[in-house]
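Order of the sequence lines sets the chain letters (A, B, ...), proteins ahead of strands, with each chain counted from 1. Atoms considered below: every heavy atom in the structure, side chains included; atoms not considered: hydrogens, waters and symmetry mates.
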Protein chains: 2
Amino acid sequence: MATKPGTTMNTIHRFLSSELAGEIEFLTARTRSLGSARANKLLEPLDLKVRSYSVLSLACSGQAPTQRELAEFLSLDPSQIVPLVDQLEGRGLVERTADPNDRRSKVITGTRSGEQLYSKARKATAEGEAVAMAKLSKVEQETLRDLLSRIAFRD
Amino acid sequence: MATKPGTTMNTIHRFLSSELAGEIEFLTARTRSLGSARANKLLEPLDLKVRSYSVLSLACSGQAPTQRELAEFLSLDPSQIVPLVDQLEGRGLVERTADPNDRRSKVITGTRSGEQLYSKARKATAEGEAVAMAKLSKVEQETLRDLLSRIAFRD
DNA sequence: CTTAAACTCTTGATAAAGTCAACGATTAAG
DNA sequence: CTTAATCGTTGACTTTATCAAGAGTTTAAG
């Protein structure tokens with residue numbers, strides 16, 4: 001009776017000392033997997049997923065992103081942006097506008113109702129973030145935000 | 001001529017002040033996207049991907065994980081572990097052993113050559129991590145590791 | 001001005017990853 | 001012994017990722 005089945009907590013604990021558990025790559029992968037699952041649940045009542053939420057957020061940011069810029073900032077292929085914007089546009093949440101300066105590009109902007117939905121969605125993701133970081137102090141949370149953004153945007 | 005095309009650096013800079021860029025959820029998603037792309041390139045010469053590398057790493061950890069435990073720790077479905085282990089086993093890098101205490105479970109352990117390959121792979125991922133965190137001081141790197149592991153394993 | 005090259009969005013094909021239900025073998029509970 | 005639960009596995013299915021090519025637009029060169 002050396003190795004008992006092991007509950008969730010037990011299993012995790014056994015591998016905490018493994019080399020893998022110390023790798024940033026693994027830690028971010030696991031964090032984002034858990035976080036995105038939680039965020040998707042919270043966004044479900046609004047008929048949004050993390051992806052569509054991210055697009056909506058940038059569309060409502062006042063920065064007037066083009067689809068190309070959305071793809072780059074979200075680490076997606078430009079062809080993946082198309083159906084995301086299609087869906088949001090079909091719901092009247094965002095608008096495609098030809099960029100006057102370069103009619104190849106299409107600027108994505110949030111509509112009135114898009115901004116209203118984003119406002120609700122933002123509260124949902126903020127709640128998810130609060131749950132995720134509950135174990136950290138406010139100072140630690142800001143430290144984490146700062147360190148992560150420095151490696152997410154290095155260049 | 002207000003909005004010029006915008007290079008990569010330019011685009012990112014424009015959205016740094018957006019609400020989205022301040023969300024942990026987004027920062028971890030972007031970090032892991034960039035990190036896993038870089039890690040996959042570095043692991044390619046060894047015919048490994050981040051996924052198979054993670055399984056190999058735990059198989060060589062001395063913790064004798066079952067497939068169920070691998071799935072849970074790696075945030076994967078148990079059915080996704082099967083082809084990963086199949087592949088590693090086919091290359092003679094790991095072994096499936098029936099757990100004597102519970103013959104339903106199969107313990108995955110690294111072979112001699114599995115450990116040799118893991119040793120090389122570990123150096124590759126360590127190099128990738130060094131590149132990713134180049135902008136942080138040693139102290140900051142350890143702080144990030146600590147904060148991330150606390151939210152990746154809260155419970 | 002004209003032509004060629006480069007860029008943006010879009011489509012479509014294909015591969016990879018994620019989700020879920022069900023099955024045989026095994027173990028645990030009653 | 002019977003029933004329920006667990007583990008690995010398979011298969012079907014959906015979603016996401018990757019890539020090439022095309023139509024329209026802009027830029028640069030000649």
When the nearest nucleotide of DNA chain D is assigned to A/Arg103 and to A/Ser75 on a heavy-atom basis, which residue is associated with the more 5' position?
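Looking at DNA chain D, the more 5' nearest nucleotide goes with A/Ser75.
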Where along residues 36-67 of chain B does a heavy atom come under 4.0 Å from DNA chain D, residue by residue in number order?
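Within residues 36-67 of chain B, the residues near DNA chain D are B/Thr66, B/Gln67.
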Listed in order of residue number, which residues of residues 78-89 of chain A have a non-hydrogen atom at under 4.0 Å from DNA chain D?
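Residues of residues 78-89 of chain A under 4.0 Å from DNA chain D: A/Ser79, A/Gln80.
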Could you check how far [atom1] of [X] sits from [atom2] of [N], rounded to whole Å?
| X | N | atom1 | atom2 | answer |
| --- | --- | --- | --- | --- |
| B/Lys106 | D/dT10 | NZ | C1' | 12 Å |
| A/Arg96 | C/dT8 | CZ | C1' | 12 Å |
| A/Arg32 | C/dA17 | CZ | P | 13 Å |
| B/Asp102 | D/dG8 | CG | C1' | 11 Å |
| B/Leu74 | C/dA17 | CG | C1' | 14 Å |
| B/Leu76 | C/dA16 | CG | P | 17 Å |

Within the 4.0 Å heavy-atom criterion, would you say A/Arg68 contacts the bases, only the backbone, or no part of the nucleic acid?
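If one applies the 4.0 Å heavy-atom cut-off, A/Arg68 turns out to touch a base.
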Joint hydrophobic cluster, B/Val55 plus B/Val107, side-chain heavy atoms closer than 4.5 Å
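No, B/Val55 does not connect to B/Val107 through the hydrophobic network.
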Look at the side chain of B/Arg104 and decide which nucleotide, out of C/dT8, D/dT26, D/dT6, has an atom nearest to it.
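Shortest atom-to-atom distance from the side chain points to D/dT6.
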Nucleotide nearest A/Asp77 when distance is taken to its side chain, options D/dT18, D/dA17, C/dT10
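Of the options given, the side chain of A/Asp77 lies nearest D/dT18.
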Show me the pairs that pass side chain to side chain donor-acceptor pair (under 3.5 Å) and involve residues 40-58 of chain B, at least two apart or across chains.
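Of all non-adjacent pairs touching residues 40-58 of chain B, those that pass side chain to side chain donor-acceptor pair (under 3.5 Å) are A/Glu23-B/Tyr53, B/Tyr53-B/Thr125, B/Ser57-B/Tyr118.
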Hey, is the main chain of [Y] close enough, under 3.5 Å, to the side chain of [X] for a donor-acceptor pair?
| X | Y | answer |
| --- | --- | --- |
| B/Thr11 | A/Glu69 | no |
| A/Gln141 | A/Met133 | yes |
| A/Ser61 | A/Leu58 | yes |
| B/Thr31 | A/Thr28 | no |
| A/Ser149 | A/Arg145 | yes |

With both pairing distances under 3.5 angstrom for Watson-Crick or G-U wobble, and | for a partner in another strand, the correct string for DNA chain C is ||||||||||||||||||||||||||||||
For A/Arg103, salt bridge (Lys or Arg N to Asp or Glu O under 4.0 Å) partners two or more places apart
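Listed in chain order: nothing, the list is empty.
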Output every pair passing ring pair (Phe, Tyr, Trp, His ring centres under 6.0 Å) with a member in residues 60-96 of chain A, not counting sequence neighbours, ordered by first then second residue.
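Sorted pair list: A/Phe73-A/Phe153, A/Phe73-B/Phe15, A/Phe73-B/Phe26.
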Does CD in A/Gln87 sit with more than 12 non-hydrogen atoms of other residues, nucleotides or ligands closer than 6.0 Å?
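Open.
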Measure the OG1-CZ distance between B/Thr109 and B/Arg96 for me, rounded to the nearest 0.5 Å.
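Those atoms lie 11.5 Å apart.
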